[in-house]
Amino acid sequence: MQIPLIKGDRQSKLDYRENLPVNFTSVISQVKGSEGYLLSHDGLTEYAQTGGEARGGVFNDRFNKHFRVSGNSFECVNTDGTVDTLGVIPGSSPCSFARSFNSQSILSDGKWYLWDGATFNQVLDPELGVPIDHDWFLGIYVFTDGESVFHTDIANERSISPLKYTSSEYAPDPIIGVSRSGHQQIAAFNRYSTEYFYFNAAASVGTSVLQVIQNKTVRAGIIGTNCKTLLDDLFFILGGRVDESPSFHVINGTSIESFSTREIDKIISGYSESELKDVVLESRVVDRDKFIIAHLPCETLLYNHTVSVSLGPKYAWTVIKTGVDIDEPWRGKFGVFDPRVAKWIYGDTKENKLAYLDSEIASQYGQDVEAILYTPIVPVKQSSIDNFEIEAIPGYSSTDVTCSFSMSYDGVTYGQEYFNAISTPDRYNSRYIARRLGFIDNYFNFKFRIVSKDKVAFSGLKVNEL
């Protein structure tokens, strides 16, 4: 029998649950009879030392520079890995970034800062208030303070008129964030609704140029300011409607669709809404695979939108983490694609440094990474397993890579681990085969675990019964 590897199962108290792969990425490809395969998640290689904990970053194509906020430092990251400090931005929470034709804008803890290519300073306009999010939109910076949406003067991007305020009035829920859509509109994300605004060039002098688009309100919103990200001109969010528990959704114009699964919703339900407010969603496109990264309080989830479109969301989710024998969230955060070096560069949640996403390795800063995958529960009545063979790509590892396997006969607990070499340098025709696995009374499933610096790929599992 041929057993798929990109989705596993387990039993829990009064329920059947999914076993998500750990530190693997699903890939769509017809390989050796399977519709897809699992590849080790890319590793992290140190790129630069920074002035503190990662708080966000952006590549400014106008200035052709990579900006970040690390700790209290506003920094410029150079292509040789050096970092220049441009100013001080106090705080500890994630920053909001936007850019105009003339400046790089940073919002931090209700304070607004601008860098114009030569000088860096805080904007102290008395009408600013305490904004929580902002973006650039057709010649103006657009802000929200949780109650209103307002913007800078068209003739002066450092000035805010007290008459340039409008509101999102579909429902009384608070505004949590704003973002420019891929269709030249501004979305105001409330807790349970999302409204769109267009730039009204005919607006009266002294009034807001932001005009709500009638009949384009989505009855779903976000939980926290950073619970949104734009990918393929679509908004991917963590939130939902007023009458449902939080989940992951994608907003396309006025339509909304869940890209979550029952297992993912079970994970989310383990957190209170106050804990989920600090979740950060990011997007990334690599080799035409389109990813959403969800930084939850205690774990990091990776969603492959490309896989989801082809096979459905249940095959698109994996867990990525740091460390071995512990469930520690992935340490990469606030990724920025820097076209000058053609790399995705991430801040670090544990140390004051940056790393680039390295497709050649699985390790993080030279340390081994644990990767785990599970099979579905396979019903086999009164039979014996003669052997199994797992399809891999051997021979390309820098050292011997060992993969352990263990079996479960109840879908809950796994027995003793058995270790076999899955890859030895330059031995390209080696095979991973285990024999005489014993009698199966009812059903079984496998767990495979690798601890290595090298990447591995698994495309299928063939089990032979006696």
K.L.:
So, are Arg99 and Asp135 salt-bridged, with charged N and O less than 4.0 Å apart?
P.N.:
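Salt bridge between Arg99 and Asp135, a charged N being under 4.0 Å from a carboxylate O: no.
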K.L.:
Assess whether a salt bridge exists between Glu351 and Arg331, defined as any Lys/Arg side-chain N lying under 4.0 Å from an Asp/Glu carboxylate O.
P.N.:
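Here Glu351 pairs with Arg331 in a salt bridge, since their nearest N and O are under 4.0 Å apart.
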K.L.:
Above 12 or not: heavy atoms from other molecules or residues under 6.0 Å from NZ of Lys216?
P.N.:
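Check passes, neighbour count above 12.
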K.L.:
We want to know whether His249 and Ser258 form a side-chain donor-acceptor pair, criterion being a heavy-atom distance below 3.5 angstrom.
P.N.:
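No pair is found: no donor N or O on one side chain lies under 3.5 Å from an acceptor on the other.
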K.L.:
I'd like to know if Lys455 and Glu360 make a salt bridge, using a cut-off of under 4.0 Å between side-chain N and carboxylate O.
P.N.:
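Here Lys455 does not pair with Glu360 in a salt bridge, since their nearest N and O are not under 4.0 Å apart.
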K.L.:
Give a yes/no verdict on a cation-pi contact between Arg284 and Phe291, requiring under 6.0 Å between NZ or CZ and the six-membered ring centre and an angle within 45° of the axis.
P.N.:
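Yes, cation above the ring, under 6.0 Å and within 45°.
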K.L.:
One thing to verify: whether Arg262 and Asp15 come together as a salt bridge, which I'm taking to mean a side-chain N less than 4.0 angstrom from a carboxylate O.
P.N.:
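Yes, Asp15 and Arg262 are salt-bridged.
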K.L.:
Look at Glu46 together with Lys353 and state whether they make a salt bridge at an N to O cut-off of under 4.0 Å.
P.N.:
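Counted as a salt bridge, because a side-chain N and a carboxylate O are separated by less than 4.0 Å.
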K.L.:
Report yes or no: does Thr306 contribute a side-chain atom to a donor-acceptor pair with the main-chain N or O of Lys290 at less than 3.5 Å?
P.N.:
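Yes, Thr306 side chain to Lys290 backbone: donor-acceptor pair under 3.5 Å.
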K.L.:
Please determine whether side chain to side chain contact (heavy atoms under 4.5 Å, CB included) holds for the pair Met407 and Ile385, giving the CA-CA distance in whole Å, both sets of side-chain angles, and the decisive distance to 0.1 Å.
P.N.:
CA-CA 12 Å; Met407 293 185 67; Ile385 297 179; 4.1 Å; yes
K.L.:
Relative to each other, are the rings of Phe24 and Phe458 parallel, tilted or perpendicular (30° and 60° limits)?
P.N.:
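Ring orientation, 0 to 90° scale: tilted.
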K.L.:
Is a salt bridge present between Lys266 and Glu263, judged by a nitrogen-to-oxygen distance below 4.0 Å?
P.N.:
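No, Lys266 and Glu263 are not salt-bridged.
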K.L.:
Do the charged groups of Asp441 and Lys381 touch, with an N to O distance under 4.0 Å?
P.N.:
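The answer is no: the pair does not qualify as a salt bridge.
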K.L.:
Got a second to check how far Asn190's CG is from Glu195's CD, nearest 0.5 Å?
P.N.:
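Those atoms lie 6.5 Å apart.
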K.L.:
Is Lys314 salt-bridged to Glu18, going by a charged N under 4.0 Å from an acidic O?
P.N.:
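No.
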K.L.:
State yes or no: are the ring centers of Phe419 and Phe448 separated by less than 6.0 Å?
P.N.:
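So the answer is no for these two rings.
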K.L.:
Mind checking whether Phe444 and Phe446 have parallel, tilted or perpendicular rings, split at 30° and 60°?
P.N.:
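It falls in the perpendicular class, over 60°.
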K.L.:
Nearest 0.5 Å, what's the CG-CG distance between Leu373 and Leu461?
P.N.:
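If I round to the nearest 0.5 Å, the distance is 9.0 Å.
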K.L.:
Have a look at Arg55 and tell me which of Ser92, Ser108, Ser73, Ser70 forms a side-chain hydrogen bond (donor to acceptor under 3.5 Å, both in side chains) with it.
P.N.:
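Only match with Arg55 under side-chain hydrogen bond (donor to acceptor under 3.5 Å, both in side chains): Ser108.
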K.L.:
Is Trp317 close to Phe248 at the side-chain level, that is, under 4.5 Å between some pair of heavy atoms?
P.N.:
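Yes; the side chains approach each other to less than 4.5 Å.
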K.L.:
Check whether the ring centres of Phe97 and Trp136 lie less than 6.0 Å apart, and answer yes or no.
P.N.:
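Aromatic pair excluded; centres sit 6.0 Å or further apart.
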K.L.:
Can any side-chain N or O of Asp287 pair as donor or acceptor with the backbone N or O of Asp289 at less than 3.5 Å?
P.N.:
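No; zero donor-acceptor contacts below 3.5 Å.
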K.L.:
Salt bridge or not for Asp338 and Arg340, using N-O below 4.0 Å?
P.N.:
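Here Asp338 pairs with Arg340 in a salt bridge, since their nearest N and O are under 4.0 Å apart.
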K.L.:
Under a 4.0 Å threshold between the charged nitrogen and the carboxylate oxygen, would Asp133 count as salt-bridged to Lys228?
P.N.:
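Salt bridge between Lys228 and Asp133, a charged N being under 4.0 Å from a carboxylate O: yes.
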K.L.:
Between Asp265 (side chain only) and Ile268 (backbone N and O only), is there a donor and an acceptor less than 3.5 Å apart?
P.N.:
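Not a single qualifying donor-acceptor pair exists.
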K.L.:
Enter the distance from Leu86:CG to Arg68:CZ here, rounded to the nearest 0.5 Å.
P.N.:
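Rounded to the nearest 0.5 Å, the CG-CZ separation comes to 13.5 Å.
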K.L.:
Atom CG in Leu238, atom CG in Leu276: separation rounded to 0.5 Å?
P.N.:
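Leu238 CG to Leu276 CG: 5.5 Å, rounded to 0.5 Å.
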K.L.:
Salt bridge or not for Glu282 and Lys333, using N-O below 4.0 Å?
P.N.:
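Looking at Glu282 and Lys333, the cut-off is not met.
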K.L.:
Quick check for you: to the nearest 0.5 Å, what is the distance between Ile6 atom CD1 and Asn304 atom CG?
P.N.:
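That separation rounds to 10.0 Å.
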K.L.:
Which of these, Phe236, Tyr315, Phe235, sits in a ring pair (Phe, Tyr, Trp, His ring centres under 6.0 Å) with Phe259?
P.N.:
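Single ring pair (Phe, Tyr, Trp, His ring centres under 6.0 Å) partner of Phe259 among Phe236, Tyr315, Phe235: Phe236.
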